[in-house]
J.: 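Structure in structure tokens, see below.
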2 protein chains.
Amino acid sequence: MSSILTKEATQAWIQLHRAHRLLLARVEETLKTNNLPPLVWYDVLFELSQVKEDGLRQYEIGEKILLYKHNLSRLLDRLEKKHFVKRYTSAEDARGNRIIITSAGIKLMNQIWPIYRDSIRENFAGKLSVNEFSELNKFLCSILE
Amino acid sequence: MSSILTKEATQAWIQLHRAHRLLLARVEETLKTNNLPPLVWYDVLFELSQVKEDGLRQYEIGEKILLYKHNLSRLLDRLEKKHFVKRYTSAEDARGNRIIITSAGIKLMNQIWPIYRDSIRENFAGKLSVNEFSELNKFLCSILE
DNA sequence: AAAATATAGTTGCAATTGCATATACAATCC
DNA sequence: GGATTGTATATGCAATTGCAACTATATTTT
């Protein structure tokens with residue numbers, strides 16, 4: 001609760017948010033200029049692509065990508081309207097539905113990834129060594145615990 | 001341009017964004033339950049409080065907190081309507097204006113900070129040692145270069 | 001110095017997000 | 001097993017954000 005707030009922690013806090021904002025803005029800009037949808041579409045499609053054919057529940061996607069459930073619900077509306085995902089009801093729990101990615105969704109993912117990847121390369125991957133990224137990742141994981 | 005995208009860099013990329021989203025969500029939630037405005041209000045007021053009495057230009061604030069100019073313009077509308085900041089025209093450059101923080105703005109900042117600080121303490125400051133935060137900060141600064 | 005270009009900020013409108021509440025089903029309690 | 005509480009998702013509405021175009025002034029070019 002009342003751990004000390006050092007100068008170092010404060011500085012890291014500020015830089016963390018600056019880094020995120022700047023990097024995200026650059027990726028979004030690149031996607032936009034390539035006529036691709038916002039990054040969060042990719043995030044959802046990616047999570048869906050990682051699982052077997054019976055897909056994911058909305059709340060499972062929400063936990064992975066950290067989005068309010070009502071916003072996810074409407075994001076899925078948009079994705080479904082464009083046929084990138086499909087909702088279907090499963091007997092398992094009739095309150096909700098399961099979401100699966102369609103082949104069009106996979107195709108879109110494959111369109112987005114090379115652009116996204118280049119943006120990560122250009123803005124991020126060259127800035128630190130492998131060991132430094134490994135350290136950075138370790139720190140961030142500790143923070144998320 | 002085409003630096004290699006290692007597993008380590010990719011992992012760090014993902015964790016960076018997860019960490020940001022989670023931490024920001026927690027801070028915003030805490031602010032809200034304390035009937036305080038969103039964090040970006042604090043960001044603006046803080047930047048204004050760091051400078052002398054003649055304030056900042058909009059584009060200067062924008063550079064610091066990384067916000068589109070049109071969104072900043074309207075954020076300042078809201079802040080000005082509540083008398084937390086004031087716009088005034090300076091002879092220096094008649095295209096724009098300068099923004100200063102009011103005493104009410106300073107008061108609001110001082111209300112937000114203890115809550116914000118507690119949230120940083122609780123969700124962030126205890127997770128790493130001083131040296132680790134220092135390293136983390138160093139890495140993040142390298143990324144921002 | 002007039003014309004062309006760039007910069008600072010604003011505004012209308014559409015899309016998205018946040019907030020509160022609603023609906024529908026599940027799980028638990030008595 | 002009926003009532004209560006909890007969970008999963010959806011929806012109406014207001015606030016915010018993103019996008020494109022616009023106004024006004026500065027700067028640069030010729």
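Please read all numbers here as calculations on a predicted model, not as lab measurements. Numbered from 1 within each chain, the chains take letters A, B, ... in sequence-line order.
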J.: Does the B/Ser142 side chain pair with the main chain of B/Lys138, one donor and one acceptor, at a distance under 3.5 Å?
T.: yes
J.: Considering only C/dG9, D/dT11, D/dC19, which nucleotide approaches the side chain of B/His70 most closely?
T.: D/dC19
J.: Please report the distance, rounded to the nearest Å, between CD in B/Gln58 and C1' in D/dT25.
T.: 15 Å
J.: For the pair B/Tyr42 and B/Phe46, name the ring-plane relationship: parallel under 30°, tilted 30 to 60°, perpendicular over 60°.
T.: parallel
J.: Tell me: OH of B/Tyr68 to C1' of D/dA20, nearest whole Å?
T.: 13 Å
J.: Under a 4.5 Å side-chain heavy-atom rule over Ile, Leu, Val, Met, Phe, Trp and Tyr, are B/Val130 and A/Ile14 clustered together?
T.: no
J.: Rounded to whole angstroms, how far apart are CD on A/Glu92 and P on D/dT9?
T.: 9 Å
J.: Less than 3.5 Å between a donor and an acceptor, one on the side chain of A/Arg95 and one on the base of D/dT9, is that the case here?
T.: no
J.: Can you check the A/Leu31 CG to D/dC19 P distance for me, whole Å?
T.: 11 Å
J.: Return the value, rounded to whole Å, for the distance between atom CZ of B/Arg78 and atom C1' of C/dT11.
T.: 14 Å
J.: Specify the separation, in whole Å, of atom CG of A/Leu67 and atom P of C/dT17.
T.: 7 Å
J.: State which residue, out of A/Arg87, A/Arg74, A/Lys86, fulfils the salt bridge (Lys or Arg N to Asp or Glu O under 4.0 Å) condition with A/Glu80.
T.: A/Arg87
J.: Classify the nucleic acid contact of B/Arg98 as base, sugar-phosphate or nothing, counting any heavy atom under 4.0 Å across all strands shown.
T.: nothing
J.: Any side-chain N or O of B/Arg87 less than 4.0 Å from the OP1 or OP2 oxygen of C/dT10?
T.: yes
J.: Could you state the atom-to-atom distance from CD1 of A/Ile99 to C1' of D/dT9 in whole Å?
T.: 10 Å
J.: Base, sugar-phosphate, or nothing for B/Asp77, non-hydrogen atoms under 4.0 angstrom?
T.: nothing
J.: Mind checking if A/Asp93 touches a base, just sugar-phosphate, or nothing, with heavy atoms under 4.0 Å?
T.: sugar-phosphate
J.: What does B/Arg74 touch in the nucleic acid at a heavy-atom separation under 4.0 angstrom: a base, only the sugar-phosphate, or nothing?
T.: base
J.: What is the distance from NZ of A/Lys69 to P of D/dT11, rounded to the nearest Å?
T.: 14 Å
J.: Please check this pair: side chain of B/Arg26 against backbone of B/Ile120, looking for a donor-acceptor N/O pair closer than 3.5 Å.
T.: no
J.: Does a side-chain N or O of B/Asn71 approach OP1 or OP2 of D/dG18 to a distance below 4.0 Å, or not?
T.: yes
J.: Nearest-nucleotide wise, let me know which of A/Leu72 and A/Lys32 is further upstream toward the 5' end of DNA chain D.
T.: A/Leu72
J.: OP1 or OP2 of C/dG9 versus the side-chain N and O atoms of B/Ser73: is any pair under 4.0 Å?
T.: no
